[in-house]
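Presented below is the structure to which this report refers.
Every chain is numbered from 1, with letters handed out A, B, ... down the list of sequences.
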Amino acid sequence: MDVSHLLDRLNDAQRQAVTAPVAPTLVLAGAGSGKTRVLTHRVAWLVEVENVSPHAILAVTFTNKAAGEMRGRIEAMLDLPAAPLWVGTFHGIAHRLLRIHWREAGLPQTFQILDSEDQLRVLRRLVKSLELDESRWVPREVQWFINAQKDEGLRPSALKDDGDPTRRQLIALYAAYQETCDRTGVVDFAELLLRVFEMWQQDAQLRAHYRGRFRHVLVDEFQDTNAIQYAWLRALTGSEGTPFVVGDDDQSIYRWRGARVENLARFQRDFPGTQLFRLEQNYRSTGNILAAANGLIRHNSGRLGKNLWTSGERGEPVRLYAAYNERDEAEFVLSRIREWREQGGALRECAILYRSNAQSRVFEEALMSARMPYRVYGGLRFFERAEIKDALAYLRLIFNRADDASFERIVNLPTRGIGQKTLDAVRDYAKSNACTLWEAAGATIAELGPRGGASLHGFLALVEQLDRDSRALPLHEQVDQVIAASGLLAHYRKDKGDRGEVRVENLEELVSAARGFDAEDVEELSPLASFLSHAVLESGEGQAGEWEDGVQMMTLHSAKGLEFPVVFLCGLEDGLFPHQRSVTDVAGLEEERRLCYVGATRAMRQLWLTYAEQRRLHGADSYGAPSRFIREIPEELIEEIRLRIQVSRPVRVAGRRGPIEEAVGGVRLGQRVRHGKFGDGVVLGLEGQGSHARVQVVFERQGTKWLMLAYANLEPL
DNA sequence: CGTGGGCGGATTTTT
DNA sequence: TCCGCCCACG
């Protein structure tokens, strides 16, 4: 059989991994080393050479985007629809299994998925109803606690309070929350995985069935798996299984949300005879950029070990710019982008990466006033918009009357005279009778006053009628009907300004989305149910105009997996990056370093590092020392840019200079001074203290400048 | 019932 | 500084 089309575009290491015998396999794949290519080729190899039925293959990723990409590439390679092949996210696959095995999993057939926002609302409600102090039991923190437990595979009954009253209360909240979810037929994201895991654990027959079926499980980004995902994989494959996993310990940046890098090392222990492959040849970046990234990541301990190399050119040096403040930083980046464009480059080839979202504003302002198009990643996504979630809540309630979260959301939207008092009565009834809000509403109407009772009755009747009227309609007409007849559309039309307009447009867009929705044919699932799950699991891209040329802006986290010819790593100041809250322990600092490594390895041709000596943060000025990460990059690879003359101090000066207070004493407002380069001038401003003190000097020939006093070497005249 | 002012808090994000 | 949340008022 001719397999050359499977192999001829692979290098040696890639080829070895792709053609490895069927056995547990771990591929350590550095940034830009062709990880996805190896995965997709492996699938093709299994099908075409090992004669594996696509039916027996399960490929798992973390994001829908990655899953979609992989599916597309596999289909293209195999030249056949990949339908029998399961490709998806952990959550997507778990959902699919639960739809098939809802009985075995102990779920109602109509179960719905709770997204994080819904989950938070449920918890807020719960904390209130238990009359707990919300400042002591912050819903967000409770949410964090619960999800962390689920990610570890732990149920409330498995938790011990160790005599700690705080923990005891959290466990109680977890238990109460779970009861609420079970009663109302909703599952949160973590629950999807946990349910399937438990189902496999308890049902030997089912487990055997899936072990027999999915003989070939492939996992991407394995360093991002958490405890339950790992347990899930082991339950599915058993000790005899032959999973093929790909990952990079150096790119593990999600420890804070439960990811366990150790899973990479653990894999080798848990699957004896694991074949290990390393992909170290990088096809993305220039030699200098790679050397810088390697130099940086070398400072981490406990790595599995890997050194990226390239056969390409060394390229330009990595460049460093010490900005005076955050606006100067933005201006600098802007002018470099202009240069790139003047040389024929496209804006979309430039990416501005930062540690935290708050940093984007200054760049946006600068880009906007320069009329340079840009795109910020990571805003609110389509299915997360309030008006969309309102419409979905109607649909969900129509589908499942027990969905309390949806009930709460829309019972009085648009306002229909169902106030706090009415709702309290309903909630009380539901609580004491352990029933759903829907049932409680029906039961309490009689006890309520005529006004509240009538309103509530009106709401119940509305939902029933929507259900009756739209049940037989095709999905998009059903959606259309519901947003119109519920009064939602009219409600948002009344919103003043263009905000209302946008919302109406979004609702109309929802109808289009429903029209274009291609229901996966999962057994026993109606198009509506399928659409609702899709909306939660794939909340959709945030912004339009993806194809317009524009500067790309995003956090370092969201840059993972992407590449750009020109990359600006901004805000490299201790305290900001590495972030203040991560430097208290070694593990946190190492994760920050990996984040920096991820950022650097996004760059193909040019890598720019910038930091600001002064930064306005949370309304106050802060002064951060240059990030330690800058110092960790081999000096000879970096070229420091100085546009202004000596405003910045050289980063590589080890410590700070001697007692600066003396210098402060030597300068007063109005004093005439002499500067080595700027000549004579007058001090007009003094700001800051100690090593951060700055002076504003009006020079006779060079105009007004702010200088760091400690390094300006001013000579009093 | 909806809005506006006061208050506190302010990594990172996917599903 | 800015945003989101809560409560009080119209």
Side-chain angles (χ1 to χ4, degrees), chain A residues 60-67 88-95 113-121 124 128 134-135 138-141 144 147 150-151 187-194 221 224-226 228-229 252-259 326 353-362 365 377-381 383-384 412-423 455 491 494-496 533-542 554-561 571 575-584 588 591-592 594-596 598-599 615-622:
Chain A
V60 194
T61 62
F62 277 85
T63 65
N64 291 301
K65 200 173 153 206
T89 62
F90 275 105
H91 294 88
I93 287 162
H95 171 247
I113 305 167
L114 218 56
D115 73 12
S116 335
E117 197 204 315
D118 299 334
Q119 185 185 36
L120 190 60
R121 292 166 83 100
R124 266 204 201 107
K128 273 208 185 84
E134 268 184 272
S135 58
V138 184
R140 212 168 267 288
E141 289 166 8
W144 185 268
N147 289 338
K150 289 194 176 189
D151 283 346
V187 294
D188 55 54
F189 286 128
E191 186 75 16
L192 288 169
L193 299 180
L194 190 47
E221 305 277 19
D224 287 338
T225 49
N226 62 25
I228 189 71
Q229 286 159 341
S252 160
I253 55 175
Y254 289 112
R255 188 182 73 109
W256 53 274
R257 64 175 203 211
E326 75 279 359
L353 308 183
Y354 35 80
R355 176 69 234 268
S356 60
N357 289 114
Q359 288 168 257
S360 75
R361 223 192 76 230
V362 188
E365 281 166 3
Y377 279 75
L380 201 55
R381 282 146 359 135
F383 286 110
E384 287 166 3
N412 199 31
L413 191 97
T415 48
R416 46 176 71 90
I418 300 173
Q420 212 52 55
K421 271 183 80 179
T422 309
L423 273 180
S455 308
H491 172 74
K494 276 190 305 203
D495 266 18
K496 47 186 176 284
S533 302
H534 166 86
V536 186
L537 286 174
E538 299 187 36
S539 40
E541 263 298 306
M554 68 198 80
T555 63
L556 287 151
H557 283 93
S558 34
K560 190 164 135 215
L576 188 62
F577 189 29
H579 197 277
Q580 198 60 55
R581 294 174 69 154
S582 304
V583 295
T584 44
E591 176 143 312
E592 296 279 311
R594 290 193 292 268
L595 193 54
C596 190
V598 166
R615 181 179 296 275
R616 221 171 162 72
L617 213 58
H618 308 317
D621 284 331
S622 64

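- By the ring-ring contact (aromatic ring centres under 6.0 Å, His included) test, A:Trp256 is found to be paired with A:Tyr254, A:His557, residues two or more places apart in sequence or in another chain being considered.
- For A:Arg416, there are no salt bridge (charged side-chain N to carboxylate O under 4.0 Å, His left out) partners two or more places apart in sequence or in a different chain.
- Judged as a salt bridge (charged side-chain N to carboxylate O under 4.0 Å, His left out), and not counting sequence neighbours, the contacts of A:Glu191 are A:Lys150, A:Arg155, A:Arg195.
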Check nucleotides 4-10 of chain C against the protein and report each pair of N or O atoms closer than 3.5 Å, with its distance, or say if there are none.
none

message: Give the dot-bracket line for DNA chain B from 5' end to 3' end: parentheses for intra-strand Watson-Crick or G-U pairs under 3.5 Å, square brackets for crossings, | for inter-strand pairing, dots for unpaired.
response: ||||||||||.....

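- Among residues two or more places apart in sequence or in another chain, the ring-ring contact (aromatic ring centres under 6.0 Å, His included) test is passed with A:Phe90 by A:Phe62, A:Trp232.
- Partners of A:Glu134 according to the side-chain contact (heavy atoms from CB on, under 4.5 Å) rule, which considers only residues two or more places apart in sequence or in another chain, are A:Arg124, A:Val127, A:Lys128, A:Pro139.
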Any N/O pairs under 3.5 Å between the protein and nucleotides 8-11 of chain B? List them or say none.
unit_1, atom_1, unit_2, atom_2, d
B:dA10, N3, A:His618, ND1, 3.3
B:dT11, O4', A:His579, NE2, 3.4

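- Not a single ring-ring contact (aromatic ring centres under 6.0 Å, His included) links A:His579 to another residue, sequence neighbours left out.
- Applying the side-chain contact (heavy atoms from CB on, under 4.5 Å) test to A:Val598 and every residue at least two apart in sequence or in another chain returns A:Gln251, A:Ile253, A:Lys560, A:Arg602.
- Residues satisfying the side-chain contact (heavy atoms from CB on, under 4.5 Å) criterion with A:Glu117, sequence neighbours excluded, are A:Asp115, A:Arg121, A:Lys389, A:Arg409.
- Under the side-chain contact (heavy atoms from CB on, under 4.5 Å) criterion, A:Val583 pairs with A:Pro578, A:Gln580, A:Leu589, A:Arg628, not counting sequence neighbours.
- Atoms CG (A:Leu556) and P (B:dT13) sit 10 Å apart, rounded to a whole Å.
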